[in-house]
Number of protein chains: 2
Amino acid sequence: MADWCTDNTVKYIQHMTHAATVLDRVLHLSALVSADMARFEKEQGLTGPRVHLLWVLGRSGPCTQQSLAQALDVTPRNITGLVDGLVASGHVTRQAHPDDRRATLVTPTATGRRTIEGLVAGHADLASRLFGDVPDDRLEVFAAVLDETAARFATLMEEDR
Amino acid sequence: MADWCTDNTVKYIQHMTHAATVLDRVLHLSALVSADMARFEKEQGLTGPRVHLLWVLGRSGPCTQQSLAQALDVTPRNITGLVDGLVASGHVTRQAHPDDRRATLVTPTATGRRTIEGLVAGHADLASRLFGDVPDDRLEVFAAVLDETAARFATLMEEDR
DNA sequence: TATTGTTATACTCTATAACTATA
DNA sequence: TATAGTTATAGAGTATAACAATA
């Protein structure tokens, strides 16, 4: 060990190195979940953005394309295309908005509702299979670190603005 | 509380519910990191897939398009397009393979190397800012749960095959 | 005048299939 | 015969800009 390198320096560097591998692990798990998602999408003949739209629709109920554009963080034009696809595949319909004749209400069909239910059930099932056996005390720490990290992230993003 | 619902049942349900919110948190953090990535890409005039290719290239050194296709899990045709874009933007060049005249070695330019260095440095910086202040004992639990979960995931995937 | 959604246009990522050059 | 990469073709997601209908 070089003489300019104190034990504390070593510990600091190890800690930093570890932080990097922890981020890698978070991203790895996320990639695995995404791959599982992609499989579901292929089975259903859907695509990622369309599933995302259905997921949002399931949480919000029927809503305008403007709202969907904001929720998905894409342009209104883009929503037109996604909804076109979901109409063609029979998952949603465009309903007249009762109060505003400019707007349409994107509404799930029976098929769309079934898909959304499957999505929600699959999500819960995956979660319980992944985390159901983790002891409560460890799960608490895990969840707390996730929350702290997400909060820290938000702070960092504001600093950069 | 309904009389058919024992305390243990309640605890079980709470645990399962918690598992679902934990998965949501993992995905949320992952989405935040992705958004940060997207910002970097826009700054550099790059796209997600192209940055991914550069990242892999940085870890592997110059390599064939076949290798890149496997590493990125896309078709060789797709790599042609990505490399075309990165050649046009001056990040990589196609070099003749010394032993196989069919193959090309995708090689970073000086600009490409700078981008890759920025990528690596940014990744390490983000990791240390996100996890650097988490106490070692909590970080250990966090990392261990991530590893266990990823391993459990792999098992689940094999079962489904 | 502002908002909702669409048409027009263009670029990127992705895939399959056929083809060339080389091994 | 098999492999590395490209051309050809197609579809999906994304964006900007201009436009129609409505508020």
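Chain naming here is simple, since letters A, B, ... match the order of the sequence lines and numbering starts at 1 in each. Side chains are part of it too, since the values below use all heavy atoms of this structure and drop only hydrogens, waters and symmetry mates.
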Would you classify [X] as touching base, sugar-phosphate or nothing, given that sugar-phosphate means primed atoms plus P, OP1 and OP2, and contacts are heavy atoms under 4.0 Å?
{"X": "B/L82", "answer": "sugar-phosphate"}
{"X": "A/R77", "answer": "base"}
{"X": "A/T80", "answer": "base"}

Taking only N and O in the side chain of [X], is any of them less than 4.0 Å away from OP1 or OP2 of [N]?
{"X": "B/R94", "N": "D/dA4", "result": "no"}
{"X": "B/T75", "N": "C/dA15", "result": "yes"}
{"X": "A/T104", "N": "C/dG5", "result": "yes"}

Starting from [atom2] on [N], measure out to [atom1] on [X] and report it in whole angstrom.
{"X": "A/L53", "N": "D/dA12", "atom1": "CG", "atom2": "C1'", "value": "14 Å"}
{"X": "B/Q65", "N": "C/dC13", "atom1": "CD", "atom2": "P", "value": "14 Å"}
{"X": "B/N78", "N": "D/dA4", "atom1": "CG", "atom2": "C1'", "value": "16 Å"}
{"X": "A/Q66", "N": "D/dT22", "atom1": "CD", "atom2": "C1'", "value": "13 Å"}

>> To check you understand the geometry: which heavy-atom pair defines the closest contact between A/V56 and A/A71, and what is its length?
In response: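 Closest approach of A/V56 to A/A71: CG1-CB, 3.8 Å.
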> Pick one: which of B/L46, B/T93, B/V51 meets side chain to side chain contact (heavy atoms under 4.5 Å, CB included) with B/L86?
Replying inline: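 Among B/L46, B/T93, B/V51, the one that satisfies the side chain to side chain contact (heavy atoms under 4.5 Å, CB included) with B/L86 is B/L46.
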> Only one of B/T64, B/L68, B/V106 forms a side chain to side chain contact (heavy atoms under 4.5 Å, CB included) with B/I79, so which one is it?
Replying inline: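 The passing option is B/L68.
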> With A/D84, which of A/R50, A/R94, A/R77 fulfils salt bridge (charged side-chain N to carboxylate O under 4.0 Å, His left out)?
Replying inline: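 By the salt bridge (charged side-chain N to carboxylate O under 4.0 Å, His left out) criterion, A/D84 pairs with just one of A/R50, A/R94, A/R77: A/R94.
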> Above 12 or not: heavy atoms from other molecules or residues under 6.0 Å from NE2 of A/H97?
Replying inline: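 Yes, NE2 of A/H97 has more than 12 neighbouring heavy atoms, counting only those of other groups under 6.0 Å.
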>> So for atom CG, which belongs to B/D73, do other residues, nucleotides or ligands contribute more than 12 heavy atoms lying within a distance under 6.0 Å?
In response: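 Count not over threshold, so no.
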>> What does the B/S/- profile of nucleotides 18-23 of chain C look like, 5' to 3', with a 4.0 Å heavy-atom cutoff to protein?
In response: ---BBS
